Amino acid sequence: MTCARRLFSLSRAVVGHCTLDSMRWSQTFIPTLKETPADAEIVSHQLLLRAALVRKLTGGLYTFLPLGLRALRKVERIVREEMDRAGALEVFMPALQPPEIWQQSGRYVTAREVLYKVRDRADKEWLLGPTHEEVITSLVAGEINSYRQLPKNFYQVQTKFRDEIRPRFGLMRAKEFIMKDAYSFDVTDQAAQVSYQKMYDAYTRIFQRCGLRTLPVEADTGVIGGKFSHEFMVPAETGENEVVYCETGPYAANLEKAVSQGPLTPCPLADTGHEPERFATPGVLTIEALSQAPYHVPASAQIKTLVYMVKPFGSEDSHPVAILLRGDDQLNEAKLAGPLGSNVFRPATPEEIFLVLGAHPGSLGAVASRLPTQAAALPVFADEALRGAAGMTTGANEDGYHVRHVNLTRDVRVTHWADLRTVRVGERCVVSGQPLKIRRAIEVGHVFKLGTKYSEALNARYLDETGVSRPCVMGCYGIGVTRTLQAIVEQSNDKDGVRWPVAVAPYTVLITPLNVAPESPGMQLAERIYADLATRGVEVLLDDRDERPGVKFKDADLIGIPLRVSIGEKSLARGEVELKPRGGAMTAAKAEDAVARVLEWLHEAEASRAT
RNA sequence: CGGGCCGUAGCUCAGCCUGGCUAGAGCACUUGGUUUGGGACCAAGACGUCGCAGGUUCAAAUCCUGUCGGCCCGACCA
């Protein structure tokens, strides 16, 4: 028993906080599904339903069943422990928010696509919060006055609402989901950097404790705005993001943000000495067509001309801009917001394009001498890959014609140079020079360094040592808790079901007596082990159902409890029970040692996870 | 919002093209029996406004129109 006594002090991560947090299968609610529901596409979504973790109410809205809720609570607890450890303070903000603060920050417009709006009896509008920068900043604006009160980092775990155009993949992209969001307030940029790093480190620990392999990548800041950010990605073929990474170096970035040393084949730079020359290209409307016979202009020697309509911040009117890329490059819209100075923009319609350029898509070009007078002041944004290019071919800005011998420096009035292209596989890493790879991933966390955008808009200011009023420097940090749960399932499963990491498993031990008659030796032993483990704080589930062994084993594998203790007549005749880690090999244990062996296994599982 | 597909029992689906008898199967559920170490078997039973509305017809799950909902692809998107 000394062994058991020593093992009694297992950490809370494994044994749970409630000494009798255990359950009989027949008393709880675990409606497993033998068949795969038709509308679940990816394996984690299927298992979420089959393993009785959640049920769908309607598209993008799910009910958590007892098993799913237990796993969710485990993830939440890990998140809270690590946030607390990092010095963040838990608060709880309203989900229902007044639109006024969103108008103040400007996001009433820029985030309008995802905002759920509701009206009260007086027909006043309210918002269901998709995030809480405005609320927390309002709080700080009212409460924090001095540098002596800083830094502060507030967090909460709360339901968020987002008007997703197309909810899909179960909890991955839902209309309503649980997020942990944290907001840091600092006196200076350098101090904010410290807060940012604390959160980055906390996130690394959180996902590690959840049993997830994550990859932190440089990320675009999107609608939230801000200076720079990292996303925590779970590599998975079913992910909705694409991550560019280098196998030999530290570089990793979201495709929206990724840079490289440029196209593998450089643009022609040698000036042919020719002036731009118009030539007839009847019916040629694509880069591809111009690269074919009889023209044979490689895509890499063409200039692609796009027209976008931009709405500057605070303005109601849109204006057109031209965007130039190499023919074989793709525009990366996420990179466009910075150079444009606005994130409200869209591709121009053919009618709008004709109005400004006098030609239709397929024949567009920005060669200065071929621009109509109304386009004289048209802003021209050119991708860096085109810098210095010569001998290029592009549209003549006249339907049915192209121009060759174009020298960018000489012939095009570029107003802004910027990195606008999408990186492609195999291009050279800017850090290591090695070929870049691309793979899909699920975004589970995002840390942003925000700067003073919200503190200035909502007046969250403090007085510094010299009595000068300054805006707080902010950071914000999100973890999709429900999405993280599904990502764990997506990463931890096999053909038989879920394989929960111990730290987030709904229960850590499953006892499976094959004969459940109350007076049978097997059931009596099962009851003893169950009670013994429960009083030691192990979260244990007893499968007391009168079902055939096959049913019990299939269900056990499906719900994926990390350790199974099977008690059947055959081994019991030898005075033994069977220990089977989910996905591992079965081992025999003397019945009287069963509890000690289980505690030992849990202890080892915890030790092997700690780093 | 564009394109495609689908709504029949709790779940997975057949029947529809080519209208016609009491609308079917498997799984799940209830009862009884036989079974009992990897999703058993036998028997009996319960479960349906065939998404909804309108139309055509002697007759509609089936054909037509509209509508609502779902799924997939795209667009969009912390």
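As the structure is a computational prediction, the values presented were derived from the model and not from experiment. The sequence lines fix the lettering, A, B, ..., with proteins before strands; numbering per chain opens at 1.
- In this structure G38(B) sits in no base pair that meets the Watson-Crick or G-U test at under 3.5 Å.
- Heavy atoms of E578(A) sit under 4.0 angstrom from at least one base atom.
- For the residue pair S195(A) and D186(A), a side-chain donor N or O sits within less than 3.5 Å of a side-chain acceptor on the partner.
- Using a 3.5 Å distance cut-off with no hydrogens or angles, the side chains of D181(A) and Y183(A) do pair a donor with an acceptor.
- Among the nucleotides G70(B), C77(B), A78(B), the one closest to any side-chain atom of R173(A) is C77(B).
- In the set G39(B), C72(B), U36(B), the nucleotide with an atom closest to the side chain of V551(A) is G39(B).
- When distances are taken from the side chain of F448(A) to each of G39(B), C72(B), A78(B), the shortest belongs to A78(B).
- In this structure, G45(B) forms a base pair with C29(B), meeting either the Watson-Crick or the G-U wobble geometry with both donor-acceptor distances under 3.5 Å.
- Heavy-atom distances to RNA chain B give each of P167(A) and L558(A) a nearest nucleotide, and the one nearer the 5′ end belongs to L558(A).
- Figure legend. G2(B) is base-paired to C73(B); pairs are counted as Watson-Crick or G-U wobble with both atom distances under 3.5 Å.
- Using a cut-off of 4.0 Å between Lys/Arg side-chain N and Asp/Glu carboxylate O, D494(A) and R582(A) are scored as salt-bridged.
- Note on D555(A): a base of the nucleic acid sits closer than 4.0 angstrom, heavy atoms only.
- Mapped onto RNA chain B by nearest heavy atom, R162(A) and K56(A) fall at different nucleotides, with K56(A) at the one closer to the 5' end.
- With P as the reference atom, U49(B) and A23(B) are 13 Å apart, rounded to whole Å.
- The side chain of K34(A) contributes an N or O atom lying less than 4.0 Å from OP1 or OP2 of A28(B).
- Remark: A60(B) base-pairs with no nucleotide; criterion is Watson-Crick or G-U wobble with both hydrogen-bond distances under 3.5 Å.
- Contact annotation: side chain of E569(A) to base of G37(B), donor-acceptor pair absent below 3.5 Å.
- Here G66(B) sits opposite C52(B) as a Watson-Crick or G-U wobble pair (both hydrogen-bonding atom distances under 3.5 Å).
- Residue contacts shown for T36(A) are limited to sugar-phosphate atoms, with no base heavy atom under 4.0 Å away.
- Proximity note for V114(A) (side chain, C-beta onward) versus C77(B), A78(B), U35(B): the nearest is C77(B).
- Side-chain proximity of R168(A) to C76(B), G37(B), G39(B): nearest is C76(B).
- Proximity note for E35(A) (side chain, C-beta onward) versus G39(B), G70(B), U12(B): the nearest is U12(B).
- For the residue pair E456(A)/T452(A), the side-chain donor-acceptor check at 3.5 Å is satisfied.
- Ring pair Y477(A)/Y203(A) is perpendicular by interplanar angle, where above 60° counts as perpendicular and below 30° as parallel.
- At the heavy-atom level, P37(A) lies under 4.0 Å from the strands shown only through sugar-phosphate atoms.
- For G24(B), the paired nucleotide is C13(B), the pair qualifying as Watson-Crick or G-U wobble because both relevant distances are below 3.5 Å.
- Scanning atom types as modelled, one donor and one acceptor separated by under 3.5 angstrom connect the side chain of R564(A) and the base of G38(B).
- Look at R548(A) and you'll find a side-chain N or O under 4.0 angstrom from OP1 or OP2 of A40(B).
- Using modelled atom types and a 3.5 Å distance limit, the side chains of R24(A) and S26(A) yield no donor-acceptor pair.
- Between C1(B) and A14(B), the distance separating the two C1' atoms is 35 Å to the nearest Å.
- In this structure, E41(A) reaches the sugar-phosphate backbone alone: every heavy-atom distance under 4.0 Å involves primed, P, OP1 or OP2 atoms, never a base.
- Set against G37(B), C77(B), C73(B), the side chain of E164(A) has C77(B) as its closest nucleotide.
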